[in-house]
Number of protein chains: 2
Amino acid sequence: MERAELGATARAILGMVALGASTGYEIKQLADKAARHFWAASYGQIYPELRRLQAAGLVVGRVERSGGRVRKVYSLTEAGEQTLRDWLCEPDRLQAFEVRSEGMLKLFFSSWAGGRATTQQVQALRRTHEQILGQLLRLREGNGPPTVGQGLTLELGIAIHTRIVEWCRTAEAQLAEQSDPLP
Amino acid sequence: MERAELGATARAILGMVALGASTGYEIKQLADKAARHFWAASYGQIYPELRRLQAAGLVVGRVERSGGRVRKVYSLTEAGEQTLRDWLCEPDRLQAFEVRSEGMLKLFFSSWAGGRATTQQVQALRRTHEQILGQLLRLREGNGPPTVGQGLTLELGIAIHTRIVEWCRTAEAQLAEQSDPLP
DNA sequence: AGGTGCATGTAACAGGTTACATGATTAA
DNA sequence: TTAATCATGTAACCTGTTACATGCACCT
């Protein structure tokens, strides 16, 4: 029952439990399937964090034997629900937004290696984001309607990656134009 | 002169040196100013990494005394230039693209706390990205023309954040419509 | 005399990934 | 019987941030 300023990962796990992912395994499934384009989590974080959350009194885990298979089913305590609600409704301090894009980094340096490299990097960037976009579109086509929040973040992801792909096409056209007149 | 599979941070520093940032301090300046919306680096990474790059023979550092002030000026060796060029021209394996967005995470969970929370989260998300967009636009208005790569990544950043802000506005309108009929 | 900017660096910590170890259940 | 999926967990490692320590130069 410590009050130790829980981190973003802890809150993410709290939220996943609230959405119905009740085991470490299910939390990982949900995160990978529906949130990986803006939030990642590994077992190495999830399992220890669940214990910490239990020690803090925000979740309770019960060992269940559903057909012989043993699993630890977690649910939010009242304190956990309150903590999550507080976080979701808190007056907005600035939210963290971190991007780490190898493709943009390469594009950033590409002109040092000449125009050819720049064109190649824009194309590589487009292919990367076409692939991510494809995954998101397949997810949308896929099974049942998720929660409102899941739908919104999916649409937002699709909008972002569509825009990146569009931008790459425009940049490719412009770069081609510049080097075209020269035979 | 070890061959120890250099990481993304090492390559980023190599690139910054190639673009003319010749001290640890200047590397940090350039990264913060022009690359922070897709790549971050702190002194705690930069200074140790510069030493490692020197040990690997990819950069050389000379201690200079420019007007009494002592600074360590780095430049690429031929091996360093080749390594950077190889990386920039390498046949594209999939590029890493990692996003960590607290705002989208909150949006993802928001429907659990009701429609009101969802609307608030979309608004908070919009404000966050309006702020980032503002910084990028100010950078574009600002001084001298950067390299082609710097210009392109800046435009790409502007395109992305503009799209996010647009999307938020649309979502806000739709959410308002749904709850409007009820007084 | 004092603040800002230039400049270098480290140690402690926090956050996160990977690889490994284990084993039951289920469908082909 | 064998592969995939469900399921839990840890230890070593790598990465990255924060806070701190230091000091000169330059402007007001």
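This structure is a prediction, so every number in the text was calculated from the model and none was measured.
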Using five pairs at each end of the helix from C/dA1-D/dT28 to C/dA28-D/dT1 to define an axis, what is the angle between those two axes, to 10°? 30°
Please determine if [X] and [Y] form a salt bridge, counting it only when a charged side-chain N lies under 4.0 Å from a carboxylate O.
X: A/E155; Y: A/R140; value: yes
X: A/E49; Y: A/R52; value: yes
X: A/E26; Y: A/R71; value: yes

Whole angstrom value for the distance that separates [atom2] of [N] from [atom1] of [X]:
X: A/R65; N: C/dA24; atom1: CZ; atom2: C1'; result: 12 Å
X: B/E102; N: C/dG15; atom1: CD; atom2: C1'; result: 15 Å
X: B/E64; N: C/dC6; atom1: CD; atom2: C1'; result: 15 Å
X: B/I13; N: C/dT8; atom1: CD1; atom2: P; result: 13 Å

How does protein reach along nucleotides 5-21 of chain D, written 5' to 3' as B (base within reach of a heavy atom under 4.0 Å), S (only sugar-phosphate), or - (no contact)? BBBBB------SBB---
Using the ring of each side chain (for Trp, its six-membered ring), is B/H161 parallel, tilted or perpendicular to B/H129, with breaks at 30° and 60°? parallel
Between A/R100 (side chain) and B/A40 (backbone), is there a donor-acceptor pair under 3.5 Å? yes
From B/E166 atom CD to B/R169 atom CZ, the distance as rounded to the nearest 0.5 Å: 8.5 Å
Value for NZ (A/K106) from CG (B/L88), rounded to nearest 0.5 Å, stands at 7.0 Å
Mind checking who shares a hydrophobic cluster with A/V70, ILVMFWY linked at side-chain heavy-atom distances under 4.5 Å? A/V63
